[in-house]
Amino acid sequence: MASILARISEIFKAKMQARLDAAENPSETLDLSYEQQVEELQKVRRGIADVVTAKARLQLQLAHLQQDAGRFDSQARQALTANREDLARLALSRKADQAQQVRSLHTQVESLATQQEQLQAGEQRLAVKIEAFRTRKETIKAQYTAAQAQVRIGEAASGISEEMADVNAAIQRAEDKTQTMQARANAISELTAAGTLPDLLTAGGDDVRAQLDQIASGGKVDADLAALKVQLGAGTPPPALLSERAGSPGMVVRVQGSGQYHLAQPEVEALHGLDHQLAEAVHAGDGPRMHALLGQMITLARTRGSSIDPEELVASTTILPPDTLTLDEARALLRHDSLVETTQSTA
């Protein structure tokens with residue numbers, strides 16, 4: 001039974017020790033130790049003050065006794081003059097007692113002075129030690145703080161801290177839910193396409209009916225296309241002219257993402273000049289100059305050319321790519337060292 005109680009006691013002590021170690025903060029412990037030492041130093045200083053006060057009080061008593069010694073001598077002389085030997089003897093007896101008190105006070109004052117010197121020396125040594133402890137305390141606190149920061153950074157970087165573990169768990173839960181939702185969406189799409197699940201948004205909700213409607217729609221498109229061919233064969237003019245502007249000298253340029261522009265002969269020549277410089281920049285691998293020249297060509301077409309109505313169907317002589325073109329893409333588009341094709345006469 002005794003051995004069981006001893007083991008329980010050891011286990012309890014071990015657990016309490018572990019909890020105390022976890023709760024103890026070295027910085028707080030050092031600060032508390034420093035405050036306790038400062039309090040002890042203040043107690044020593046108060047003790048020195050008490051000793052100095054007691055010594056001063058004894059010195060005052062000693063001064064009074066020394067003054068009384070001269071008075072007793074005068075009284076003894078006066079008693080002998082008056083033939084009162086008994087009174088003279090009494091006065092001298094009191095003088096002797098007072099002399100004994102003076103010697104005792106001298107001894108006590110000297111003892112207190114020695115104690116004062118010892119206490120002052122001890123106070124100085126204690127103050128030096130406390131100051132050294134304060135310096136050491138601040139150094140240890142700084143090292144502990146730096147070590148704490150380093151541990152936190154390492155735990156955060158490695159993902160083993162509690163906060164990062166919670167974040168990682170949240171990310172994992174979000175990924176699991178996302179995968180589950182994606183799988184459910186794919187399953188619903190697959191079942192709907194197979195006809196297992198009805199499509200409530202489709203009229204009638206019948207897949208066969210939907211296929212029949214699609215066939216009917218395709219037949220109508222074919223009929224409309226046949227009618228259009230008959231009109232064209234009969235000489236009916238098309239709604240718009242699918243060609244370049246007849247009798248208009250110059251060039252029609254399409255800028256990708258910006259529409260078509262008609263350039264007159266001077267602008268065409270300027271465009272060819274920039275095109276020649278752009279080809280040289282592409283061959284030299286000068287990407288910034290290539291982008292700058294391509295931007296100048298696009299600006300030239302937009303600002304100095306006349307815009308063509310998007311409803312008008314006009315064939316483009318050349319197409320300018322956007323200024324985000326890469327060097328590799330430019331090399332692939334170059335034909336005869338030029339991006340600008342001259343398939344149409346500019347005379």
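Predicted model, so just to flag it, every value in this text is computed and none were measured. Sequential numbering from 1 along the given sequence is applied to the chain's residues.
Scanning all heavy atoms of the two residues, the minimum distance from Ile130 to Tyr34 falls at CG2-CE1, 3.6 Å. Of all heavy-atom pairs spanning Thr324 and His291, the tightest one is C-NE2, 4.4 Å. Closest approach of Val268 and Leu263 over heavy atoms only: CG2-O, 3.7 Å. Taking both residues in full, the closest heavy atoms of Phe133 and Ser33 are given as CZ-CB, 3.8 Å, listed atom of the first, atom of the second, then distance. Nearest heavy-atom pair, Gly285 versus Leu327, reported as atom, atom and distance to 0.1 Å: O-CD1, 3.6 Å. Here the shortest heavy-atom pairing between Arg304 and Ala270 reads NH1-CB, 4.4 Å.
At least one side-chain heavy atom of Thr178 sits less than 4.5 Å from a side-chain heavy atom of Gln182. Residues His283 and Leu334 meet the side-chain proximity criterion, which asks for heavy atoms closer than 4.5 Å. Taking the side chain as every heavy atom from C-beta outward, Leu60 and Arg57 never approach each other to under 4.5 Å. Between Gln277 and Arg289, the closest side-chain pair of non-hydrogen atoms falls below 4.5 Å. Side-chain contact between Tyr261 and Ile308 is absent, with no heavy atoms from C-beta onward closer than 4.5 Å.
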* Derivation and outcome, side-chain contact (heavy atoms from CB on, under 4.5 Å), residues Val253 and Gln260 -> CA-CA 6 Å; Val253 178; Gln260 289 177 300; over 6 Å; no

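Separating the CG atom in Asp50 from the CZ atom in Arg46 is a distance of 9.0 Å, to the nearest 0.5 Å. With values rounded to the nearest 0.5 angstrom, Leu320 atom CG is found 10.0 Å from Leu274 atom CG. Interatomic distance, CD of Gln256 versus CD1 of Ile319, reported as 6.5 Å (0.5 Å rounding). In this structure, CG in Leu126 is found 11.0 Å from CD in Gln124, a value given to the nearest 0.5 Å. Note that the OG1 atom of Thr180 and the CD atom of Glu175 stand 11.5 Å from one another [nearest 0.5 Å]. Taken from CD in Gln116 to OG1 in Thr53, the straight-line distance is 9.5 Å, to the nearest 0.5 Å.
The side-chain hydrogen bond (donor to acceptor under 3.5 Å, both in side chains) search around Arg136 returns none, not counting sequence neighbours. Applying the side-chain contact (heavy atoms from CB on, under 4.5 Å) criterion to Glu117, with sequence neighbours excluded, gives no partner residue. Contacts of Leu325 classified as side-chain contact (heavy atoms from CB on, under 4.5 Å), with partners at least two apart in sequence or in another chain: Leu294, Pro321, Glu329, Ala330, Leu333. Applying the side-chain contact (heavy atoms from CB on, under 4.5 Å) rule to Val109 yields the partners Lys55, Leu58, Gln59; only residues at least two apart in sequence or on another chain are considered.
Between the side chain of Thr81 and the main chain of Arg77, a donor-acceptor pair closer than 3.5 Å is present. No donor-acceptor pair closer than 3.5 Å links the side chain of Ser93 to the backbone N or O of Arg89. Although no hydrogens or angles enter the test, the distance criterion places no donor-acceptor pair under 3.5 Å between the side chain of Ser111 and the main chain of Thr107. His276 places no side-chain N or O within 3.5 Å of a backbone atom of His272 that could act as its donor or acceptor partner. Under a 3.5 Å cut-off, the side chain of Asp275 and the backbone N or O of Leu271 do not form any donor-acceptor pair.
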Please table the atom pairs, donor to acceptor, closer than 3.5 Å between any side-chain atom in residues 37-45 and protein atoms at least two apart or in another chain.
{"residue": "Arg45", "atom": "NE", "partner": "Glu123", "partner atom": "OE2", "Å": "2.7"}
{"residue": "Arg45", "atom": "NH2", "partner": "Glu123", "partner atom": "OE2", "Å": "3.0"}

Between side-chain atoms of residues 137-145 and protein atoms elsewhere (two or more places apart, or another chain), which donor-acceptor pairs fall under 3.5 Å?
{"residue": "Lys137", "atom": "NZ", "partner": "Asp31", "partner atom": "OD1", "Å": "3.1"}
{"residue": "Thr139", "atom": "OG1", "partner": "Thr135", "partner atom": "O", "Å": "2.9"}
{"residue": "Lys141", "atom": "NZ", "partner": "Asp31", "partner atom": "OD1", "Å": "3.1"}
{"residue": "Lys141", "atom": "NZ", "partner": "Asp31", "partner atom": "OD2", "Å": "3.2"}
{"residue": "Tyr144", "atom": "OH", "partner": "Gln148", "partner atom": "NE2", "Å": "3.4"}
{"residue": "Thr145", "atom": "OG1", "partner": "Lys141", "partner atom": "O", "Å": "2.8"}

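Between the side chains of Arg302 and Ser258, at least one donor N or O sits under 3.5 Å from an acceptor N or O. Side-chain contact of Asp176 with Gln172: a donor-acceptor pair under 3.5 Å is present, judged by distance alone.
Within 6.0 Å of the CD atom in Gln61, the count of heavy atoms belonging to other residues, nucleotides or ligands exceeds 12.
Remark: Arg331 engages Asp328 in a salt bridge, criterion side-chain N to carboxylate O under 4.0 Å.
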